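Here's the structure, in structure tokens; my notes come after.
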Amino acid sequence: MLKRFFVEDALKAEEDDEIELVGWVRNKRTHGGLIFLDLRDSTGVIQVALKKGIADEESFRTAEEIRLESAVRVKGIIKHDPRAPSGVELRCKSLEVLGPSLDEFPIKKNAGLRFLLDHRHLHIRSPKIAAVMKIRAILVDSARNWLRDHGFIEIHCPSFITAAVEGGATLFKVDYFNRTVYLTQSVQLYQEAAIYGLERVYSLQPSFRAELSRTRRHLTEFWHLEVEVAYAELEDIMKIIEELFYSMVLGVYDRGRKELEFLGIELDPKVAEPPYPKIRYSEALDILLSKGFDIKWGDDFGADEERELSKEFEKPFFVTHWPREAKAFYHLPDPVDPRVCRNADLLAPGGYGEVVGGGQRIHDYNQLIERLRENGLNPEDYQWYLDLRKYGSIPHSGFGLGIERMLWWLLKLPHIRDACLFPRTPARVYP
Ligand code: 4AD
Ligand code: MG
């Protein structure tokens, strides 16, 4: 493996240090007999200046002809120069091509959105996308740290399933050796089985939704952080959501400063400091009615409703006690008011909306059968899940957090697909 120095270090080097870098040519300018190359690696971009007499003849000629995104090795001397974009430039002595670009690089300055998405495999070289992906990694890592520190066991669940978790309308069918199975929308039901051995579990894996709605917040494949906790009730799980959510924001704030600054994002972690406001569905409905929405008791909220509702808040907030007809079959009806369930969504403020969905599960065998029927589902399709209520069933709660949704809000990205390396939406499964 190449032993090497990174751009990040070169930018911090002393005047006249002699340095060798490898990277890709992001940009090229000529100016009065000088050639300037912007050299990019995974840590940053540095200006490389070639001047005849300092750079050898051959290197100068190579630079004259080089195509953008060629991979190169550069040797030179560090000079602090306020005219260089990062205040530092490498005066090149020699330039060697490691991997040439065989054609002109297709991505140009004013490329349209569609072209960029068609060339996502090349576009992801951009430092901006790299910064978003680094923050994404920090976000996920921070979640794992918090969960590990709080006694959660990471488990891995199947993605091929035989019955819906979140309603049949968004199931992707798969031909499984001449049998129809589905891609999972959530691993919740498997987690509920796992708590009987492990008590506090989490999973981080893709969920799939055949969601045709073309909004700025829907993907057909997303990364789902799901948590399930034995003996936890609704209030307990909301506390876990708050603390985990805050620790993820803090993690990005602490460890993603360089990237946040590069992206021009001022993140104040106070916006995510618990406790979060809690309102009931009925109160949320009143707010929406007062804003002129045509919505009635029992309806789930769509993207428009969530956007407007979330504009009323400055912190993430919970909407609790949703009508039983608005949400999936497994939510526990509230013993005090059985028209609603003991569940909660966490919505991100400022026009974003749902990031977490969760709540307390039904743990009584007969009640679960009744709720399955009420939802038009066949209890026979849920035999193994019903078994969990037959042997030592206990109260338990859990939730699912959409990683891309959280990043979308945190970084104020124009569209949820900007949170993905290779987004999957109804219109896009390539590249
Ligand atoms: O609210 P949802 O549907 O809840 C569940 O799937 C539960 N079974 C989770 C659980 O309790 N274990 O989805 C949870 C979260 C949403 O709040 C949202 O952040 C994300 O998953 N999500 C999506 N993200 C992107 N694109 C989509 N189409 C999404 N659908 C859900
Ligand atoms: Mg939901």
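Counting convention: from 1, in listed order, for ligands and their atoms alike. Numbering starts at 1 and runs along the sequence shown. Just so you know, these numbers come straight off a predicted model, no measurement behind them.
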Tell me the protein heavy atom at minimum distance from atom 15 (C) of ligand 1, and give that distance in Å.
Gly400 O, 3.5 Å
Less than 3.5 Å between some nitrogen or oxygen of Gln188 and one of ligand 1, yes or no?
yes
Need the ligand 1 atom indices (1-based, order shown) with element for anything under 4.0 Å from a heavy-atom of Arg361.
10 (C), 11 (O), 12 (N)
Evaluate Lys278 against Glu242 for salt bridge (charged side-chain N to carboxylate O under 4.0 Å, His left out), listing each step before the verdict.
CA-CA 11 Å; Lys278 297 177 179 70; Glu242 279 180 348; 3.5 Å; yes
Got a salt bridge between Asp38 and Arg29, using NZ or NE/NH1/NH2 to carboxylate O under 4.0 Å?
yes
Beyond-backbone contact of Leu234 with Asp334, side-chain heavy atoms, under 4.5 angstrom
no
Nearest to atom 3 (O) of ligand 1, what protein heavy atom do you find, and at what distance?
Arg209 NH1, 2.8 Å
Taking heavy atoms and a distance under 4.0 Å, where does Tyr190 meet ligand 1: side chain, backbone, both or neither?
neither
Could you give me the CA-CA distance, side-chain angles and deciding distance for Asp299 and Lys296, then say whether salt bridge (charged side-chain N to carboxylate O under 4.0 Å, His left out) is met?
CA-CA 6 Å; Asp299 292 345; Lys296 59 180 193 314; 3.2 Å; yes
Run through Val22, Ile19, Leu39, Leu37 and flag the one making a side-chain contact (heavy atoms from CB on, under 4.5 Å) with Val74.
Leu39
Atom 29 (C) of ligand 1: the protein heavy-atom neighbour that sits closest, reported with distance to 0.1 Å
Phe222 CE2, 3.4 Å
Can you check whether Trp146 reaches Phe245 side chain to side chain, under 4.5 Å on heavy atoms?
no
Atoms of ligand 1 under 4.0 Å from any heavy atom of Ser186, numbered from 1 in the order shown, are 6 (O), 7 (C), 8 (N)
For ligand 1, note which part of Glu404 has a heavy atom under 4.0 Å away: side chain, backbone, both or neither.
neither
Nearest non-hydrogen atom to atom 17 (O) of ligand 1 belongs to which of Glu192, Arg217, His218, Glu354?
Glu354
Could you see which bit of Arg405 sits under 4.0 Å from ligand 1, with heavy atoms only: side chain, backbone, both or neither?
side chain
Taking the side chain as every heavy atom from C-beta outward, state whether Val319 and Leu309 have any atom pair closer than 4.5 Å.
yes
Which of the ligand 1 atoms, numbered from 1, are nearer than 4.0 Å to a heavy atom of Val356:
17 (O)
Mind telling me whether Tyr281 and Trp322 have parallel, tilted or perpendicular rings, with 30° and 60° as the class edges?
tilted
Parallel, tilted or perpendicular for His224 and Phe222, by the 30°/60° rule?
tilted
Results of side chain to side chain contact (heavy atoms under 4.5 Å, CB included) for Arg424 - residues two or more places apart only:
Thr220, Glu221, Phe422, Val429
Could you check whether any heavy atom of Glu228 sits closer than 4.0 Å to an atom of ligand 1, since that is the contact criterion I want to use?
no
Atom 5 (C) of ligand 1 - nearest protein heavy atom and its distance:
Glu166 OE2, 3.2 Å
Show all protein N/O/S atoms under 2.8 Å from the Mg ion (ligand 2), or state that there are none.
Glu354 OE2
When the ring centroid of Tyr391 is compared with that of Tyr196, is the distance short of 6.0 Å?
no
Modelled atom types, side-chain donor and acceptor of Thr215 and His218, under 3.5 Å
yes
Considering only protein heavy atoms, which is closest to atom 14 (C) of ligand 1, and at what distance to one decimal place?
His224 NE2, 3.3 Å
Polar contacts were defined as any N/O atom of the residue lying under 3.5 Å from an N/O atom of the ligand; does this apply to Gly402 and ligand 1?
yes
Verify salt bridge (charged side-chain N to carboxylate O under 4.0 Å, His left out) between Glu374 and Arg371, making sure each step is shown before the conclusion.
CA-CA 5 Å; Glu374 189 182 306; Arg371 276 280 284 160; 3.1 Å; yes
For ligand 1, which atoms sit closer than 4.0 Å to a heavy atom of Leu219?
25 (C), 26 (N), 27 (C), 28 (N)
Working note: Arg389 + Glu192, criterion salt bridge (charged side-chain N to carboxylate O under 4.0 Å, His left out); need CA distance, chi angles, decisive distance, verdict.
CA-CA 10 Å; Arg389 276 70 184 166; Glu192 288 186 63; 2.6 Å; yes
Considering non-hydrogen atoms of the protein only, which is the closest contact for atom 12 (N) of ligand 1, and what is the distance?
Glu226 OE1, 2.6 Å
Which of the numbered atoms in ligand 1 are below 4.0 angstrom from a heavy atom of Val355?
16 (C), 17 (O), 18 (C), 19 (O)
Once you round to the nearest 0.5 Å, how far does NZ of Lys258 lie from NZ of Lys134?
5.0 Å
Which of the atoms in ligand 1, numbered in the order shown and given with their element, are less than 4.0 Å from a heavy-atom of Glu211?
28 (N)
